[in-house]
Each structure stands twice: as structure tokens, then as C-alpha cells.
Amino acid sequence: MLILAACSTSGGAGSGWAAGSGATVRFSDATAEAGLDVADASSQPEGNDTVEMSATRMIGGATVGDFDDDGDQDLFVIGGRSSDDALYINQGDGTFTDMAREAGVAGDRHLGSGAAVGDFDGDGDLDLYVTSLGPPDGPRPGSHRLFRNDGDLTFTDVAGEAGVQQTSEAVPDGFGAVFADYDLDGDLDLFVAGWEKEAEADRLFRNEGDGSFADVTADAGIIDDGIRGFSPCVLDTDGDRYPELLLVADFGTSRYWINRGDGTFAESTDESGAGKEWSGMGTAMGDFDNDGRIDWYATAIFDDESSGRGDGNKLYLNRGDHVWEEVAAEAGVADGGWGWGVVAVDLDHDGQLDLVETNGWDFPAYTNEMAKVWIAAGDGTFVEVAEQSGLTHSLAGLGMLNVDFDGDGDQDIAITAADDGVRLYRNDTAGAGAWLRVFLDTMASPSLPPDGIGAKVVATVDGTSFTRWVGGCSNYLTNGELSAHFGLGGADRVDELRVEWPDGSATVLTDVAIDQTLTVTP
């Protein structure tokens with residue numbers, strides 16, 4: 001069964017909403033003019049031990065957030081073996097300035113893996129978590145970093161006192177990470193994925209509310225039986241407000257855990273129809289069929305050489321009651337090459353989520369393969385337009401994130417790559433439809449997680465509803481912008497904007513103007 005186009009919740013789309021104007025998606029490489037000059041966004045192997053020869057070829061992430069609280073989105077990029085980590089502060093004019101040293105987040109050079117943002121101490125400032133395999137001259141456990149934002153664009157590493165400096169005592173491990181409120185107590189917990197088979201480094205840390213975290217992996221019923229984890233998401237898939245834990249992992253070890261609502265999870269991968277990807281790496285979640293339920297996309301290797309690497313990406317449609325229907329091949333998005341990071345975002349503002357995926361590996365069949373830009377066609381299929389769009393990234397891509405760095409309403413794309421710096425592709429699509437970008441502010445409501453992470457946001461135009469979720473997902477070593485972004489086609493107003501908060505309450509705004517960035521409070 002293929003994806004449906006935008007559905008109506010009240011008997012018909014009517015005359016107030018129409019699909020986008022058929023705008024052609026266009027990107028331009030804005031890296032140099034934006035001032036993003038970090039030299040090496042990954043760490044390539046230099047030794048012969050297992051960790052050096054495997055894990056360090058797959059690391060080098062980035063994340064986005066408004067670290068100085070000025071309304072512009074900033075970028076943190078891991079430098080790797082040969083460069084300092086960079087904290088690019090948005091100057092509000094399309095350029096960035098690296099403030100990592102002044103801010104205290106550059107630190108010593110290290111085998112940095114992934115990065116995630118979240119206000120873990122609830123003080124109103126975004127904090128930064130960085131997974132790391134340790135020093136360049138010898139990986140070691142205990143090297144993860146938790147940078148507490150001190151509110152004046154300086155940070156303090158508190159990973160040790162917070163108890164999140166390592167995910168394995170014996171093996172340096174740690175890839176994608178995500179902040180989310182799995183127990184609905186109003187503060188942000190942390191899940192970290194681990195890839196090394198013997199490390200058992202897929203760990204759930206519960207926020208204790210005093211600046212520390214407790215490792216509750218076993219107590220929560222999460223059994224790491226050799227999971228090769230890369231990209232976790234913590235989002236509510238069944239509408240009961242308690243977020244599920246979805247983990248895309250390598251070698252057929254992806255997992256789907258149902259949140260029981262009592263602090264524990266039930267593993268239900270096979271029963272749900274999920275976890276079919278063999279070499280799972282990246283992930284993106286969103287309502288691809290506009291039915292109000294969150295769907296799940298996982299990147300993986302599409303085996304061009306018939307050597308047992310798997311049959312590519314998977315697109316799981318949420319059919320309710322923890323049942324997933326996999327339709328990637330029918331939708332035309334199974335073959336992403338050697339897939340890594342991915343984002344799901346409405347690039348042309350026609351009301352439908354598109355997909356952008358980066359890929360690459362140093363095998364002949366996957367070298368210099370271009371990234372994929374899949375535009376939703378409106379009939380359940382996608383059309384690949386990377387070359388025509390100008391997003392012609394063909395390096396060994398790893399991490400990917402979406403961010404509106406120039407504040408013009410459309411979402412731009414940043415990509416990290418092995419042996420290369422971060423690349424920023426500005427979305428220059430002309431003639432796109434209307435848009436609305438929503439941030440959430442929960443500072444006055446301590447029972448709600450900071451920045452509304454996990455909230456469901458629904459925009460309705462003349463009976464047609466579009467649903468987005470805020471945060472809760474690692475795309476592969478990266479987190480995207482903490483906003484709910486809507487493409488609204490030919491709409492001239494939003495009849496109703498409804499925010500469904502994780503505590504069960506809701507905020508409803510009516511007659512909302514389009515083409516604006518809006519902050520909503522409970």
C-alpha cells in the first residue's frame with residue numbers, strides 16, 4: 001500500500017488550501033560565504049586495532065541550536081583528529097563566527113563521534129552532549145562530554161559529575177545521542193547509541209533533576225544483546241503521550257521498544273514489523289502520509305554488488321497499535337547507496353515531507369555517489385532530483401541536519417563527511433508555498449520538558465491537517481533544528497494551530513498568519 005497525499009480531517013480539503021505551486025527545489029553551496037571552515041569533520045584510521053580500523057571511519061557529527069538565545073540558529077561541528085571542534089555562532093546576516101575556544105567547547109582534539117542538544121538542567125539555555133571515542137593517539141572509554149551552557153556563551157564540561165562520560169567501562173563507544181523525556185517528569189533524559197558489539201554501550205540515562213543522570217538501561221528493560229546501535233529516536237508512536245524508543249542499528253539489530261508508561265519498555269521489533277533493514281545507519285521520523293501518525297524512515301546499504309549487505313532503506317508507515325508497514329521500494333526510496341544521515345522536511349512547502357540522504361564509502365561501487373534528494377510526488381512515491389537541485393554532495397557523507405540558518409522560512413541542509421569539513425546547502429527554492437515555523441517555550445511550566453521536546457504540533461487549513469513533532473531524534477550523529485516546520489501550499493492563513501504537550505494539555509491558536517517564525521507557550 002502506497003502513501004496517501006494530504007488527508008482531510010473534516011470531509012474535504014475545500015477551497016482554502018491547495019498544494020504548492022510546483023516549485024522546483026534548488027540549493028546552492030553556501031559553505032564558504034557562511035564562514036564554515038572546520039577542516040575535518042571526521043577521523044580516519046591511523047592504527048591497526050579494531051576500534052581504529054572500524055569505528056573511527058564512521059564518526060564526525062554536528063548539531064544545531066540557538067546557543068546564545070538571540071533567535072538565530074547556531075552550529076556545533078566536531079573537528080576530529082586533525083581539527084578543533086567548532087561552535088559557529090550565527091551573526092544574523094548569513095555568516096557564522098567560530099567561538100568554540102572562547103565558549104570552552106573546543107577542548108582537546110579527540111575522536112569526536114556525535115552531538116546532541118537539550119536543556120538538561122532546565123535553566124533556559126541549550127546544553128550540548130558530545131560522544132567521543134577518546135584521544136586521537138589512543139581511544140579510551142570515559143571521553144564523552146556534557147557541556148553545560150552557563151548562559152553567557154560559555155560552557156562547562158560536567159559529564160563526569162553528571163555520570164554520562166562513558167557508555168561502556170571497557171570499550172570506547174558512542175554514536176548518535178538524543179535528549180527526550182521518556183518518563184514524562186518534565187526533564188530531559190538521554191539515550192546514547194553504541195556500535196561495538198561487545199561494549200553493550202546502548203544506554204538510557206534518566207535525569208535525576210539535580211544535575212546528574214542515572215543509568216537505568218537494565219531497569220527499563222532495555223537489553224543490549226549485541227545491538228550495533230547508531231541512531232536513536234524517542235517519540236510517541238501510539239498517541240498515549242509516553243514516547244517509544246526506536247533504534248536504527250547495524251547488522252540486522254535495529255530495535256523497537258514500546259513505552260509501558262511505568263518507566264519500562266517492551267521490545268516489540270519483530271511483532272511490529274519494524275527492524276527489517278540489515279545495515280541500518282540513519283533515521284528520520286515524520287508524518288509521510290499525512291494521516292496524523294508518525295512514520296519512520298531508516299537508511300541502510302543498498303547492495304549493488306550482491307554481497308549480502310542488504311536491500312537498502314526502509315520506510316515504515318504507522319498503521320496504529322504498534323504495527324508498521326514497510327513501503328520503501330514501492331515509494332522509490334530504497335536505494336540510497338551506502339546510506340548514512342537523513343532528514344525528512346518539506347523542502348518546497350507543498351504540504352508533503354521530502355527526504356534528503358547522504359551516503360558513501362570507500363568501496364568502488366559507493367565512491368563519489370551523489371547525495372539523494374527525494375521530493376514527494378503526492379501519489380505515494382518520490383522523485384530523486386539531487387543533481388537538478390544543486391545539492392551535488394558526492395563526498396563520503398556521514399551526518400546530516402536541517403536548519404533555517406538564514407531565517408527565510410525554508411529549511412537548509414548541512415552535511416558532514418569523512419576527511420572533509422561541513423558543507424552548508426542553502427535552500428533557494430523559488431515560488432514555494434506558504435510556511436510556518438514553530439518553536440516552543442516551556443520555561444514557565446516546569447512539568448513540561450524544555451523547548452517542548454516531544455510535543456505534537458498540528459496545523460489545520462480548511463479541514464486539512466498537517467502534523468509535526470519537536471525534537472526527539474538523532475539523524476546519524478546529528479540533531480536537526482528544534483522546531484515544527486510546516487509547508488502549507490497555497491494557504492493564506494492557518495485556521496488552527498494546536499500544540500499537544502507531553503503532559504496531555506493543549507494550546508490552541510486560531511487564525512494564525514503564514515510565513516512567520518512563531519514561539520508558542522503553554
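When reading the values below, keep in mind they use all heavy atoms of this one structure, side chains included, and skip hydrogens, waters and symmetry mates. In this chain, numbering begins with 1 at the start of the sequence shown.
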>> Quiz question: by atom type and distance under 3.5 Å, do the side chains of Y88 and D37 form a donor-acceptor pair?
In response: yes
>> Quick check: closest heavy atoms across L190 and A177, and the distance to 0.1 Å?
In response: CD1-CB, 4.3 Å
> If you look at every heavy atom in A62 and T416, which pair is closest and at what distance?
Replying inline: CB-CG2, 4.0 Å
> So, do V333 and N313 sit near enough that their side-chain heavy atoms are less than 4.5 Å apart?
Replying inline: no
> Is D157 paired with R145 through a side-chain N to carboxylate O contact shorter than 4.0 Å?
Replying inline: no
> Side-chain contact, heavy-atom cut-off 4.5 Å: D66 with F439?
Replying inline: no
>> I'd like to know if the side chain of R101 reaches the main chain of G107, judged simply by a donor and an acceptor atom lying under 3.5 Å from each other, with no hydrogens or angles considered.
In response: yes
> Taking the side chain from S83 and the backbone from G80, do they hold a donor-acceptor pair closer than 3.5 Å?
Replying inline: no
> Where the side chain of S168 meets the backbone of A201, is there a donor-acceptor pair that is under 3.5 Å apart?
Replying inline: no
> Considering only heavy atoms from C-beta outward, does the side chain of F175 approach that of I59 to under 4.5 Å?
Replying inline: yes
> From I413 CD1 over to R423 CZ, what is the distance, rounded to the nearest 0.5 angstrom?
Replying inline: 15.5 Å
> Do the non-hydrogen side-chain atoms of L204 and F265 ever get within less than 4.5 Å of each other?
Replying inline: yes
> Is the closest basic N to carboxylate O distance between R293 and D287 below 4.0 Å?
Replying inline: no
> What do the steps show when you test F213 against F120 for ring pair (Phe, Tyr, Trp, His ring centres under 6.0 Å), and what is the final call?
Replying inline: CA-CA 10 Å; F213 291 82; F120 83 92; 5.8 Å; yes
> Would you say H144's side chain and S132's backbone share a donor-acceptor pair under 3.5 angstrom?
Replying inline: yes
> What is the distance from atom CZ of R241 to atom CG of D236, rounded to the nearest 0.5 Å?
Replying inline: 9.0 Å
>> To check you understand the geometry: which heavy-atom pair defines the closest contact between S143 and G134, and what is its length?
In response: OG-CA, 3.3 Å
> What distance do N259 atom CG and L235 atom CG have between them, rounded to the nearest 0.5 Å?
Replying inline: 11.5 Å
>> Checking side-chain contact (heavy atoms from CB on, under 4.5 Å) between D68 and each of N149, I89, L126, which is the one that passes?
In response: I89
>> Please check this pair: side chain of T478 against backbone of T63, looking for a donor-acceptor N/O pair closer than 3.5 Å.
In response: no
> D85 versus I78: any side-chain heavy-atom pair under 4.5 Å?
Replying inline: yes
> Any donor-acceptor pair under 3.5 Å linking the side chain of T358 with the backbone of A371?
Replying inline: no
> Any side-chain donor paired with an acceptor under 3.5 Å for H322 and D238?
Replying inline: yes
> Can we say E277 and K314 salt-bridge, meaning some charged N sits less than 4.0 Å from an Asp/Glu carboxylate O?
Replying inline: no
>> For L448, run the side-chain contact (heavy atoms from CB on, under 4.5 Å) check against T442, I453, T521 and tell me which one passes.
In response: T442
> Does a salt bridge link R57 with D362, judged by any charged N lying under 4.0 Å from a carboxylate O?
Replying inline: yes
> In this structure, which one of V248, T283, L315 forms a side-chain contact (heavy atoms from CB on, under 4.5 Å) with Y297?
Replying inline: L315
>> Walk me through whether L247 and F191 qualify under side chain to side chain contact (heavy atoms under 4.5 Å, CB included).
In response: CA-CA 10 Å; L247 178 60; F191 186 89; 4.3 Å; yes
> Are the side chain of D119 and the backbone N or O of G124 linked by a donor-acceptor pair below 3.5 Å?
Replying inline: yes
> Are the side chains of T467 and V457 in touch, meaning some heavy atoms are under 4.5 Å apart?
Replying inline: no
>> Test your reading of the model: is there a side-chain donor-acceptor pair from N90 to the backbone of Q73, 3.5 Å cut-off?
In response: yes
> Do NZ/NE/NH1/NH2 and the carboxylate oxygens of R148 and D150 come within less than 4.0 Å?
Replying inline: yes
> Does N479 use its side chain to pair, donor to acceptor, with the backbone of C473 at less than 3.5 Å?
Replying inline: yes
>> Does F251 form a side chain to side chain contact (heavy atoms under 4.5 Å, CB included) with W195? I'd like the steps, not just the answer.
In response: CA-CA 10 Å; F251 302 114; W195 180 78; 4.1 Å; yes
>> If you count heavy atoms of other groups shown closer than 6.0 angstrom to CD1 of I223, is the number above 12?
In response: no
> Under 3.5 Å, is there a donor-acceptor pair linking the side chains of E244 and T237?
Replying inline: yes
> Looking only at heavy atoms, what is the nearest atom pair of W501 and V520, with distance?
Replying inline: CH2-O, 3.9 Å
>> To check you understand the geometry: which heavy-atom pair defines the closest contact between G312 and A300, and what is its length?
In response: O-CB, 3.4 Å
> Under a 4.5 Å cut-off applied to non-hydrogen side-chain atoms, are T131 and Y129 in contact?
Replying inline: yes
> Can you list the steps and then say if R203 with T167 is a side chain to side chain contact (heavy atoms under 4.5 Å, CB included)?
Replying inline: CA-CA 6 Å; R203 314 305 296 174; T167 43; 3.6 Å; yes
> Any side-chain donor paired with an acceptor under 3.5 Å for Y476 and E357?
Replying inline: no
> What is the distance from atom CG of D354 to atom CG of L347, rounded to the nearest 0.5 Å?
Replying inline: 4.5 Å
>> So that I know where these two stand, are Y366 and W361 an aromatic pair - ring centroids less than 6.0 Å apart?
In response: no
>> Within the 4.5 Å heavy-atom criterion, are F230 and D250 side-chain neighbours or not?
In response: yes
> Is the shortest side-chain N to carboxylate O distance from R437 to D404 below 4.0 Å?
Replying inline: yes
> Would you say D152 has more than 12 foreign heavy atoms packed within less than 6.0 Å of its CG?
Replying inline: yes
> Do any N or O atoms from the side chain of D295 and from the backbone of N318 form a donor-acceptor pair under 3.5 angstrom?
Replying inline: yes
> Please walk me through it: do L353 and R468 pass side chain to side chain contact (heavy atoms under 4.5 Å, CB included)?
Replying inline: CA-CA 10 Å; L353 288 178; R468 303 288 183 260; 3.8 Å; yes
>> If I compare all heavy atoms of L245 with all of V234, which pair ends up nearest, and what's the gap?
In response: CD1-CG2, 3.9 Å
> Would D225 and R255 pass as an ion pair if we require N to O under 4.0 Å?
Replying inline: yes
